[in-house]
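Chain identifiers are assigned alphabetically (A, B, ...) following the order of the sequence lines, protein sequences preceding nucleic acid strands; residue numbering begins at 1 within each chain. Every value quoted in this text rests on a predicted model; they were computed, and no experiment measured them.
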Amino acid sequence: MAKEITNRSEDYSQWYNDIVKKAGLADNSAVRGCMVIKPHGFALWENMRDQLDRMFKDTGHVNAYFPIFIPKSFLSKEAEHVEGFAKECAVVTHHRLMNDPDGKGVVVDPSAKLEEELIVRPTSETIIWHTYRDWINSYRDLPLLVNQWANVVRWEMRTRLFLRTAEFLWQEGHTAHATKQEAVEETLQILDIYAKFAEEWMAMPVVKGVKTVNERFAGAEDTYTIEALMQDAKALQAGTSHFLGQNFAKAFDVTFLDENQKRELVWATSWGVSTRLIGGLIMTHSDDDGLVLPPKLAPQQVVIVPIPKPSEEVDEVAEKIMATCKEKGIRCIFDKDLKKRPGFKFAEYEMRGVPVRIGIGKRDLEKNQVEIARRDTKEKTFVPIDGAVDYIEGLLVEIQNNLFQKALKFREEHTSSADSLEEFKEILDTKGGFVKAHWDGTTETELKIKEQTKATIRCIPLENEKEEGVCILTGKPSAQRVLFARSY
RNA sequence: CGGGAUGUGGCGCAGUCCGGUAGCGCACACGGCUGGGGGCCGUGUGGUCGCAGGUUCAAAUCCUGUCAUCCCGACCA
């Protein structure tokens, strides 16, 4: 098969592409900028989706579904919002095809032009707030806590599998509240859910913070973010939660009567994470042998490989282990494929990121043991058959923790402080990563720093210590350091 | 959208400069030998050379256009 993966040190981008393709996560498609998510990649997404969905439901949210098409006029209602997306919208202009009168194929029927063009949703704020106007009349209708799992389209110039595609899958939550405080609390609650999911499920450490004016979502009052650091020391925005104030309530005239019979505008939030998380997952843990997956999200947690091939004795033990795994809720498969040899299978499952591999051969059975190999460290050990599943149960937890600790250590080693622009540039050009530095709080300075260094302010961390200092560019006073990095 | 590179069986590539009717490795099929980290030998299947025009007796090769992918930049989740 000779499926070689480019080394990270050689060409990081190519390494990433190789992992995506050779681990069977996704392929490019016939449509520019769009990808085919393959079964292995989709199974991963399903696990992520299911867990997030549980977390949303546990905090009182419900799912709904809104149309993929948005009337063009809706996007004109909130000026700032539309400005953020206008450049990357797909537009539907016609609703019928016809046979080409000149010969082969089909052409757009010019007589089927739409009265009003439809925009393929880049995000659903507008159509949802148009709908909320009908749903909300009284304070008794609030809060309204709705999420949807959907695809969206943003016509990107430059795409990369999972990280930035023209069409992607995501969830978008849209909530309406009676008070500002409640909406702000909702925004932060979701940020906490995202952070918890990233750290406890993806084993990907994140920094929670608030975006600068320049970096925040079009139409939001505040954008909160979770920022992760990839293995090439570039930052990845992994999820955002927006406090929208009353901007959409005003634009779509969504009001309610409060307890005092007074008509008030509602307060809003929106928040989302996307298939981009899969890109983050890959770049946080994987190595030169392929994908590395955290056990909690891995489609298959354990694979049993018979050595050198299935036999009655081996099968019996394997089936027993499978059954015990199933009882314990461990996802386990047994590869009985006769056409592939063990060495091939080892390489293949390493490529696909299966956290634990069990090898069972005649020699093991004689000693009443199996060989257990872990994907994260490549360590192998022999364990008595009877205790194998218990051992694996503990091992999966250990792998999950190890991946998180390893990633955390990497982030800590790649988080620096800079007190001058020279030092700042020096760090970015050598080790990269997050750089904590003082900033005078203006967009102008932020843009100048970006121009000179290609680094942007990823966020102002929420758990930030106050520290007096001076801006590394202008020397003006600053009350705290902010987090800079070059990013995806 | 700017700059650079690349499109040749499923995958990776050679052939292109200097035009003569397509080749290698892997994969795949069949047979045999094997068997604890991507096996070996043999026999085979599979390609209108990204697409569309043009030049020519003749085009993978030369010319024009176009599409796609990758890398770098601007923009964004």
* Decide whether A:Asp335 and A:Tyr349 meet the rule of one side-chain donor and one side-chain acceptor closer than 3.5 Å. => yes
* Asked: With a distance cut-off below 6.0 Å to the six-membered ring centre and an angular limit of 45° from the axis, does A:Arg458 pair with A:Phe434 as a cation-pi contact?
  -> no
* To do: Answer yes or no for A:Lys77 and A:Phe74: cation-pi contact, defined as NZ/CZ to six-membered ring centre under 6.0 Å and angle to ring axis within 45°.
  => yes
* Looking at A:His174 versus A:Phe66, is the centre-to-centre ring distance below 6.0 Å? -> no
Opposite nucleotide pairing with [N], Watson-Crick or G-U, both atom distances under 3.5 Å:
N     : answer
B:G25 : B:C11
B:U6  : B:A68
B:A74 : none
B:G46 : none
B:A58 : none
B:G36 : none

* Can you find a donor-acceptor pair, distance only, under 3.5 Å between A:Glu348 side chain and B:G37 base? -> no
* **Donor-acceptor pair (no angle test) under 3.5 Å: A:Lys340 side chain, B:G39 base** => no
For [N], does OP1 or OP2 lie under 4.0 Å from any side-chain N or O of [X]?
X        : N     : answer
A:Lys450 : B:C75 : yes
A:Arg164 : B:C76 : no
A:Asn17  : B:U69 : no
A:Arg341 : B:G35 : no

* Does any N or O in the side chain of A:Glu156 come within less than 3.5 Å of the main-chain N or O of A:Thr159, such that one atom is a donor and the other an acceptor? -> no
Using a heavy-atom cut-off of 4.0 Å across all strands, would you classify [X] as base, sugar-phosphate, or nothing?
X        : answer
A:Glu215 : nothing
A:Lys378 : nothing
A:Phe85  : nothing
A:Leu163 : base
A:Thr165 : base
A:Arg154 : base
A:Lys345 : nothing
A:Thr240 : nothing
A:Asp364 : base
A:Lys309 : base
A:Gly33  : sugar-phosphate

* Nearest 0.5 Å, what's the CG-CE distance between A:Leu297 and A:Met202? -> 7.0 Å
Could you work out which one of [options] sits closest to the side chain of [X]?
X        : options             : answer
A:Arg160 : B:G38, B:C1, B:C71  : B:C71
A:Arg276 : B:A77, B:C72, B:C70 : B:A77
A:Phe382 : B:G36, B:C75, B:A77 : B:G36
A:Ala347 : B:A77, B:C71, B:G37 : B:G37
A:Arg158 : B:G38, B:C72, B:C75 : B:C72
A:Phe346 : B:C1, B:G36, B:G37  : B:G37

Between [atom2] on [N] and [atom1] on [X], what's the gap in Å once rounded to a whole number?
X        : N     : atom1 : atom2 : answer
A:Asp27  : B:G10 : CG    : P     : 14 Å
A:Glu80  : B:C76 : CD    : P     : 14 Å
A:Phe344 : B:C28 : CZ    : P     : 7 Å
A:Asp18  : B:G12 : CG    : C1'   : 11 Å

* **Sub-4.5 Å side-chain heavy-atom contact between A:Leu473 and A:Leu421** => yes
* Pairwise P distance for B:A60 and B:A22, with rounding to whole Å -> 9 Å
* In whole Å, what separates the P atom of B:U64 from that of B:U6? -> 16 Å
* Mind listing the closest non-hydrogen atom pair of A:Pro299 and A:Leu293 along with its distance? => CD-CD1, 3.8 Å
